[in-house]
Colleague: 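Provided herewith is a single structure, encoded as structure tokens, for subsequent inquiry.
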Amino acid sequence: MSESTNARNLPVVDLRSDTVTKPTPEMRRAMAEAEVGDDVYGEDPTVNRLEQRAAETFGREAGLYVPSGSMGNAVAMRVHTRPGQEIICEEKAHLYGFEMAAMSALAGCLARPLRTPDGILRWSLVKEAIRPRQGFRAPTGLIACENTHNMAGGQVLPPELAEEICDGGHDAGIPVHLDGARIFNAAVALGKTVRELTWKFDSVMFCLSKGLGAPVGSLLVGNREWIAQARMHRKILGGGMRQAGVLAAAGLVALEKSPSRLHVDHENARLLADGLTGLPGIGLDASQVRTNIVIFDVSRTGMTAGKLCEQLAAQRILAHAVNLSTVRMVTHCDVDRQGCLRAVEVMDGALRRTVVAV
Ligand SMILES: Cc1ncc(COP(=O)(O)O)c(C=O)c1O
């Protein structure tokens, strides 16, 4: 029997992203029983509860439920900037490279992307990129950080560096936004609270639908006045969701229950990385894997990332080809240790077959 015939009996191990998780039975029960109202009138009690819990968790005055992380970032960029300004961010930042150019399409701004070796922005780099006030330069309207940094392999932004950027930005009169889609992963990796990691940022976006496992939704948190403006921009973008309590109910469960299990995803990612390191042609430093994202180079395997992912998919292991030579695997609540071990085994087989065939 061929390997792929054998694999047909095994469950799919979906490591493409932590966005693929299915709601837990507890989330589904909460969704079925959710009290709802019209959220555009501010009358959905479950959405209101979620926004309040999010604000409390981050030590802020207010929160705003948005359908997606991308919309949260777009709203933040629109509130903080005016068209014609620049936004400073890291070169591989999600809000620059992976949100359909929303920065220009929805906020009318130009990116000022900064290249770093490790995805970590530093004030020394940011301060050089702030535009001087001259009549022919687009003013810097916003500095955006990302923690954890998705395309830098779930890299954690050290709190002292984040605070330095916030202080420097504020001294220069520039607001600082945090794309904290996976800020709870950063908090677990650092043994700190999300409040401690984010208190100096002007606004924070975080996702319920990534590592926290909810089916839908993200939140913005900030001060009352800023969130009131954000609410207007959410409506402009079509994000007023009416009886959204059925979704927010799952988000509440995710916010209360999921952070305490994220360390398991981090252990599994490390297990995966340790197994992949040393396989023929794989470029990966497992010691850099601190959260739930494993990114590795496959340029010396004799296969493109796409081809390799196809081979893995035939054995029911799903991974994401980031570009021609890079693959990403992400652990989450719907994959376990066993699944990660199987991913390593299947990868080993795929690479050995190619090496023999070359
Ligand atoms: C760091 C980061 N920010 C924002 C987003 C956007 O979130 P969404 O897919 O909910 O729009 C993602 C999605 O993967 C992300 O990784």
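The basis for the numbers below is simple: all heavy atoms, side chains too, and nothing from hydrogens, waters or symmetry mates. As the structure lists them, so they are numbered: ligands from 1, and atoms in each ligand from 1. None of these values were measured; they are calculated from a predicted model.
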Colleague: Considering only residues two or more places apart or on different chains, which pairs with a residue in residues 154-167 satisfy salt bridge (charged side-chain N to carboxylate O under 4.0 Å, His left out)?
Modeller: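 For residues 154-167, and leaving out neighbouring residues, the salt bridge (charged side-chain N to carboxylate O under 4.0 Å, His left out) pairs sorted by first residue read D167-K200.
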
Colleague: Would you check if C89 and L95 make a side-chain contact, meaning some heavy-atom pair closer than 4.5 Å?
Modeller: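 Side chain of C89 against side chain of L95, heavy atoms only: contact under 4.5 Å found.
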
Colleague: Any side-chain donor-acceptor pair under 3.5 Å between H177 and S203?
Modeller: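 H177 vs S203: donor-acceptor pair found between side chains.
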
Colleague: Could you list the cluster mates of V20? Members are the ILVMFWY residues connected by side-chain heavy atoms closer than 4.5 Å, either directly or through other members.
Modeller: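 Via sub-4.5 Å side-chain contacts, V20 links to none.
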
Colleague: With sequence neighbours left out, what residues match F58 under ring-ring contact (aromatic ring centres under 6.0 Å, His included)?
Modeller: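 Residues passing ring-ring contact (aromatic ring centres under 6.0 Å, His included) with F58: F184, F206.
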
Colleague: With a 4.0 angstrom cut-off on heavy atoms, strictly below it, pick out the residues next to ligand 1 and order them by chain and number.
Modeller: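 Correct list: S68, G69, S70, N73, H94, E99, E146, N150, D179, A181, R182, M205, K210.
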
Colleague: Does D14 reach the main-chain N or O of I317 with its side chain, forming a donor-acceptor pair under 3.5 Å?
Modeller: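 Answer holds: no.
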
